[in-house]
Amino acid sequence: MKEELATRYEPSAFEQRIYASWEAGGYFTPDLDPERPKFSIVIPPPNVTGRLHIGHALVNTLQDIIARWKRMSGFNTLWVPGTDHAGIATQMVVERKLAEQGISRFDLGRDKFVEKIWEWKEQHSTEIKDQLTRLGASADWTRERFTLDEGLSRAVRHVFVKLYEDGLIYRGIAMVNWCPRCRTAISDIEVEFRERNASLWFVDYDVTLDEAQAGGRKLTIATTRPETMLGDTAVAVHPDDERYKDLIGQYAILPIVNRRIPIIADPILVDPAFGTGVVKVTPSHDKNDYETGKRHDLPQLQVIGEDGRMTDAAGAEFAGLDRFEARKKVVEMLRESGQLAKVESHTNNVGVHGKCDTDIEPMVSRQWFVKIEPLATPAIEAVRSGAVQIIPQTWEATYFNWMENIHDWTISRQLWWGHRIPAFHCPNGHMAVSVEDLTACPECGAPVTQETDVLDTWFSSGLWPFSTMGWPDDTPDVRIFYPTDTLITGFDILFFWVARMIMFGLRFTGKAPFSQVYLNGLVRDEQGQKMSKTKGNVIDPLDVVNDVGADALRFTLAISTTGRDIPLGKSRIAGYSAFVNKIWNASRFAMMHIDAELRDAGPIERENLRTVERWILSRLNSATAEVNRQLSIFRFDEAAGALYKFFWHEFCDWYIEMAKPVLLGRHGSDQDRALAKRVLLEVLDRSLRLLHPFMPFVTEEIWQKLGGVEPSIMIAPYPVPEEVLEDPDAERLVNAVKAIITTVRNVRAERGFTPKDRFKLYIRGNDDRDSNFFRDYAYLLIELARLTEVSVEGEAPEGAHHDVVEGFHIAVEFPEKVVTQEQLDRVKREIEKAVKELESLDAKLANEQFTRNAPANIVAGAQARQTELRARLEKLQQNQ
RNA sequence: GCGGAGUUAGCUCAGCGGUAGAGCGUCUCCUUUACACGGAGAGGGUCGGGGGUUCGAUCCCCUCACUCCGCACCA
């Protein structure tokens, strides 16, 4: 039963009501029929740390478009939603919150602090669900997951224990990236490099040639980190460097602390051409020096502690000083002692912790690692073989580049929020790992305590595609929906997340966790700038939804998604919200003339259809094919663009206008009118279904009012192209009508006439059939081009405007000849343009190499164009 | 340093071997009973510079310039 549409499009009036009705209808939850073709996708779980930003709006809109498209296309579709505990990020946020009340996590203790974070999590995961709901995400909330859920935690333990048993997880002492602020180790990819203007300090070291000969020569050594000097245990030169060859094996005196340290030769560490060719060696605080120290069996002296302050080993004067304070003090003391040779300015890249921007301190410590190469090799192969396809493909090179140079993964974190490592230590030095908690040591029976470190947050999210399905149990979800089909996510987590999922998926399920990965670009502002709070150019997706509705935002995001970065600004969104408004109003117009009951008469009788109706159905069919094709290759922009163009510029601008004379009873028979209404309903109905994945709310609202066959448009079948609707002849004729109308309008404007001025049009058909067509559709030309009369037989009088349009000769007779200089210039310019084109075309066709070598259709096209241009030119010249 | 991408209309971007496209913006006209979040028209580009391949290049190859993004980082 049809209902009226509100006169104004107001999304806030229905969006939330509609979402509730979908959820109540259970449309987001797939059935468990293993026979049906399935489509499954898992959400990149947002961090529970806060509100969703525009990037989330994008990635979830794209997922929803694909999910809704697949669901309507007959796939048993599952979209799993959920959130990530996000280790450090969340812990940091809550710590900051507590700090406002003057409380540190140490005041609370581990258990109380973790409790606080859980409270935070409960608040925010609800907020995230609300936001996704407002966007229209068709995710199955009955399957919502969190990485710290009991089931997912069990998956984590299984994987950990199995990797340990397989020898792929080891615990050991190594130099890791340490964040002194967060007081935890982090992995290589969590380190970001910032270019910074710094100083290069040149320090003079005294050389003792041997015990007896103190003083004399000096070595000058450059450093960017003078404070680490306190921990130096050697000085290195290149073994072949003639300048220093004689000093190898001798000793240098470390300034300030006056420690005697060996001068060693190391071809790996030292580049004799760089700087002074002498390098200080600090095995405890530099990665290369650490390796050098191991090669030469140098002692390690840790002078910077876990908190970034100097240790007692740095000496009484420095102990307890912050590392940057210590740097100043060391420089000051060197200056005083006259051992600071010079200072140069220097730009270098400083590693910082990506989450908190604190300078990373390389630190030797005992951590847990994943031996990555045995996992990476199959993951490389999966992409190389095409088992996993990365889109856009250009990212594959980046993936290979990284995977082939991958380092072991530091998985332990000295945090409180996360999956505690399932390893148990006893006082006798035994250690056991176990899926179940242990109380007694399996070896000696002594009571055990669990490892205090937690796992890197990406360890658990790496299991997401199967841990959310219930793995390691053999659940129906695992059987039916795993592996998933498509993963849609940002390119920034290709290494953090996507690569880890492929590695874990292959290792533990024997299958790649998804077959396609679509990496979306970064949302930027209209100037192409990154959105950031400090720049103040951030667009909050919820503000946009409140303002213009979710559909406008979604459509803007989709049509802007080209595979690269996405420029998004208010004017862009406003432009596409006008499109939603257009859909609303066109539907309103259509619904004044149609009833759902029109369907009762059965399918459309094509044999009685008029040309314009056959034309719009043919155009609709092309758009249908295009949308399906583009969605299948993730060209969201092209798919949305095809719909935009069809609905607005073909359906609204032309078809509705061409149908009006018949619909409003100014022309045609009752049968014509009935068929036009039936076609109007058909086109609107199919358009709404085609549009639904992009703008779910407004299409549902209109569909409901229109009286759709299914209870919800989201489970109505997605249109597919039908060959019977293709109609090249109708397209040819209607294109001619459109072009003639445009030409008349154009000429009218050029000659300075207003729409009130009416002319007579002469047109010549190329054969009887065409002539009959123009006679039948003369009323259309008269209405849309605002003519007095159309003559198919008559001869145009002197002074008429002649032209050739789509192969048809036309002439427009003006009431009186109005000539201004401007108009003459215009005609002149038009002629010049045509002459120029014709000249180059003539030259081309006179060239034998072209006619011989170019494909036949190209040559034929050029010839046809040449003929048309010649005719047109002749007519245009008459106009002068 | 290694790798990848980009440079097309005023702005943001599509296109990619055969007569240069879209959205927004600009200018002109129009309140025609779905929509002024509208309709009709117009203007605007030697497709970063230079070579080459080709009958033909914005599109392929080389080269230069600039921009961006990864990765690696040397004191």
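Numbers restart at 1 for each chain; the letters A, B, ... are given by sequence-line order, proteins then strands. Basis for what follows: all heavy atoms, side chains included, without hydrogens, waters or symmetry-related copies.
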Review point. According to the interplanar angle, ranging from 0 to 90°, do the rings of A/Tyr9 and A/Trp584 count as parallel (below 30°), tilted (30 to 60°) or perpendicular (above 60°)?
Key: tilted
Revision key, fill the gap. Which of B/A34, B/G18, B/G41 is nearest the side chain of A/Ala854? It is B/G18
Review point. Have A/Glu190 and A/Ser187 got a donor and an acceptor in their side chains that come within less than 3.5 Å?
Key: yes
Point to revise | Side-chain N or O of A/Asn401 closer than 4.0 Å to phosphate OP1/OP2 of B/G70 | key: no
Practice item. Provide the distance between the two C1' atoms, one in B/G41 and one in B/G6, to the nearest whole Å. Key: 36 Å
Review point. Do the rings of A/Phe636 and A/Phe634 sit parallel, tilted or perpendicular, given the 30° and 60° boundaries?
Key: tilted
Point to revise | Pairing residues for A/Glu806 by the salt bridge (Lys or Arg N to Asp or Glu O under 4.0 Å) criterion, not counting sequence neighbours | key: none
Practice item. Figure out the CD/P separation between A/Glu190 and B/C71, and round it to whole Å. Key: 12 Å
Check your understanding: With nearest nucleotides of RNA chain B determined for A/Thr851 and A/Arg666 from heavy-atom distances, which residue corresponds to the more 5′ nucleotide?
Key -> A/Arg666
**Study point:** First of A/Arg745 and A/Glu638 reached from the 5' end of RNA chain B, by closest nucleotide
**Key:** A/Glu638
Check your understanding: When you measure from the side chain of A/Val279, which nucleotide among B/A75, B/C73, B/G18 comes out closest?
Key -> B/A75
Exercise for review: Using a 4.0 Å heavy-atom cut-off across all strands, classify A/Asp653 as base, sugar-phosphate, or nothing.
Suggested key: sugar-phosphate
Review point. Contact class for A/Thr276 (heavy atom, under 4.0 Å): base, sugar-phosphate, or nothing?
Key: nothing
Check your understanding: According to a strict under-4.0 Å criterion, is A/Arg852 in side-chain N/O contact with OP1 or OP2 of B/G56?
Key -> no
Point to revise | Rounded distance (Å) that lies between atom P of B/C73 and atom NZ of A/Lys287 | key: 5 Å
Practice item. Provide, to the nearest angstrom, the distance between the CH2 atom belonging to A/Trp201 and the P atom belonging to B/A75. Key: 12 Å
**Study point:** Integer angstrom distance from the P of B/U53 to that of B/U58
**Key:** 15 Å
Review point. When you compare B/G17 with B/C61, how far apart are their C1' atoms, in angstrom units rounded to a whole number?
Key: 13 Å
Review point. Is the distance between the ring centroids of A/Phe579 and A/Phe694 under 6.0 Å?
Key: no
Revision key, fill the gap. Closest heavy-atom pair, A/Met175 versus A/His285, reported as atoms and distance to 0.1 Å, is CE-N, 3.9 Å
Practice item. Taking only the side-chain heavy atoms of A/Phe274 (C-beta and beyond), determine which of B/C74, B/A40, B/C55 contains the nearest atom. Key: B/C74
Exercise for review: Look at all strands and tell whether A/Asn405 reaches a base, only sugar-phosphate, or nothing, counting heavy atoms closer than 4.0 Å.
Suggested key: nothing
**Study point:** Rounded distance in Å - CD1 (A/Ile741) to P (B/G41)
**Key:** 10 Å
Revision key, fill the gap. Per atom distances to the A/Arg588 side chain, the nearest of B/G38, B/A34, B/A75 is B/A34
**Study point:** Spacing of the C1' atoms in B/C16 and B/U8 (rounded, Å)
**Key:** 11 Å
**Study point:** Rounded distance [0.5 Å steps], OH in A/Tyr205 versus NZ in A/Lys280
**Key:** 5.5 Å
Exercise for review: Could you work out which one of B/A14, B/A34, B/A72 sits closest to the side chain of A/Ile656?
Suggested key: B/A34
Point to revise | Side-chain donor/acceptor of A/Asn349 to base of B/C73, under 3.5 Å | key: yes
Check your understanding: Taking only side-chain nitrogens and oxygens of A/His346, does any of them come within less than 4.0 Å of OP1 or OP2 of B/C73?
Key -> no
Check your understanding: Could you state the interatomic distance from NZ (A/Lys287) to CG (A/Asp188), rounded to the nearest 0.5 Å?
Key -> 5.5 Å
Exercise for review: Measure from the side-chain heavy atoms of A/Asn585 and tell me the nearest of B/A34, B/A42, B/C71.
Suggested key: B/A34
Check your understanding: Could you state the CG-P distance from A/Leu519 to B/G70, rounded to the nearest angstrom?
Key -> 14 Å
**Study point:** Contact under 4.0 Å: A/Trp648 side-chain N or O vs B/G39 OP1/OP2
**Key:** yes
Point to revise | Nearest-angstrom distance from the residue atom CD1 of A/Ile559 to C1' of B/G23 | key: 8 Å
Exercise for review: Say whether, by atom type as modelled, one donor and one acceptor occur between the side chain of A/Arg196 and the main chain of A/Asn348 under 3.5 angstrom.
Suggested key: no
Exercise for review: Mind checking A/Ala222 for me? I need base, sugar-phosphate or nothing, with any heavy atom below 4.0 Å counting as a touch.
Suggested key: sugar-phosphate
Practice item. Looking at every strand, decide which applies to A/Asn853 at a 4.0 Å heavy-atom threshold: base, sugar-phosphate, or nothing. Key: base
**Study point:** A/Leu761 side, atom CG; A/Leu781 side, atom CG - distance, nearest 0.5 Å
**Key:** 6.5 Å
Exercise for review: Between B/A75, B/G18, B/A72, spot the one nearest the side chain of A/Phe850, thanks.
Suggested key: B/G18
Check your understanding: From B/G18, B/G70, B/C37, pick the nucleotide closest to the side chain of A/Thr398?
Key -> B/G70
Exercise for review: Look up atom CG in A/Asn853 and atom CD in A/Glu848, then write down how far apart they are to the nearest 0.5 Å.
Suggested key: 10.5 Å
Check your understanding: Under 4.0 Å between a side-chain N/O of A/Ser560 and OP1 or OP2 of B/G23, yes or no?
Key -> no
Check your understanding: So what does A/Ala749 hit on the nucleic acid, given a heavy-atom distance under 4.0 Å: a base, only sugar-phosphate, or nothing?
Key -> sugar-phosphate
Study note, to complete from the structure: The nucleotide from B/A14, B/A75, B/C55 with an atom nearest the side chain of A/Thr224 is B/A75
Practice item. Quickly work out the A/Trp402 CH2 to B/A72 P distance and round it to whole Å. Key: 9 Å
Check your understanding: Quantified in whole Å, what is the C1' atom distance between nucleotide B/U31 and nucleotide B/C37?
Key -> 16 Å
Practice item. For RNA chain B, write out the stems as range with range, using runs of 3 or more consecutive Watson-Crick or G-U pairs with both distances under 3.5 Å. Key: B:1-7 with B:65-71, B:10-13 with B:21-24, B:26-30 with B:38-42, B:48-52 with B:60-64
Check your understanding: For atom P, what is the distance between B/A65 and B/C27, given to the nearest Å?
Key -> 41 Å
Check your understanding: Under 4.0 angstrom, heavy atoms only, what part of the nucleic acid is A/His407 near: base, sugar-phosphate, or nothing?
Key -> nothing
Exercise for review: Name the nucleic acid region contacted by A/Asp271, choosing base, sugar-phosphate or nothing; use a 4.0 angstrom heavy-atom cut-off, strictly under.
Suggested key: base
**Study point:** Per A/Tyr644 side chain, nearest of listed nucleotides B/C37, B/G4, B/C24
**Key:** B/C24
Exercise for review: Using the P atoms only, state how far B/C60 lies from B/G15, rounded to an integer number of Å.
Suggested key: 12 Å
Practice item. Assign A/Ser577 to base, sugar-phosphate, or nothing according to its heavy-atom contacts below 4.0 angstrom with the strands shown. Key: base
Exercise for review: Please measure how far the P atom in B/A36 lies from the corresponding atom in B/A40, and state the result in whole Å.
Suggested key: 14 Å
**Study point:** Sugar-phosphate, base or nothing in reach of A/Phe193, heavy atoms under 4.0 Å
**Key:** base
Review point. Base, sugar-phosphate, or nothing: which does A/Arg748 touch, judged by heavy atoms less than 4.0 Å apart?
Key: nothing
Point to revise | Rounded interatomic separation in angstrom, taking CZ from A/Arg786 and C1' from B/C29 | key: 12 Å
Check your understanding: Any donor-acceptor pair under 3.5 Å joining the side chain of A/Glu657 to the base of B/A40?
Key -> no
Point to revise | Between A/Thr292 and A/Arg295, a side-chain donor and acceptor under 3.5 Å | key: yes
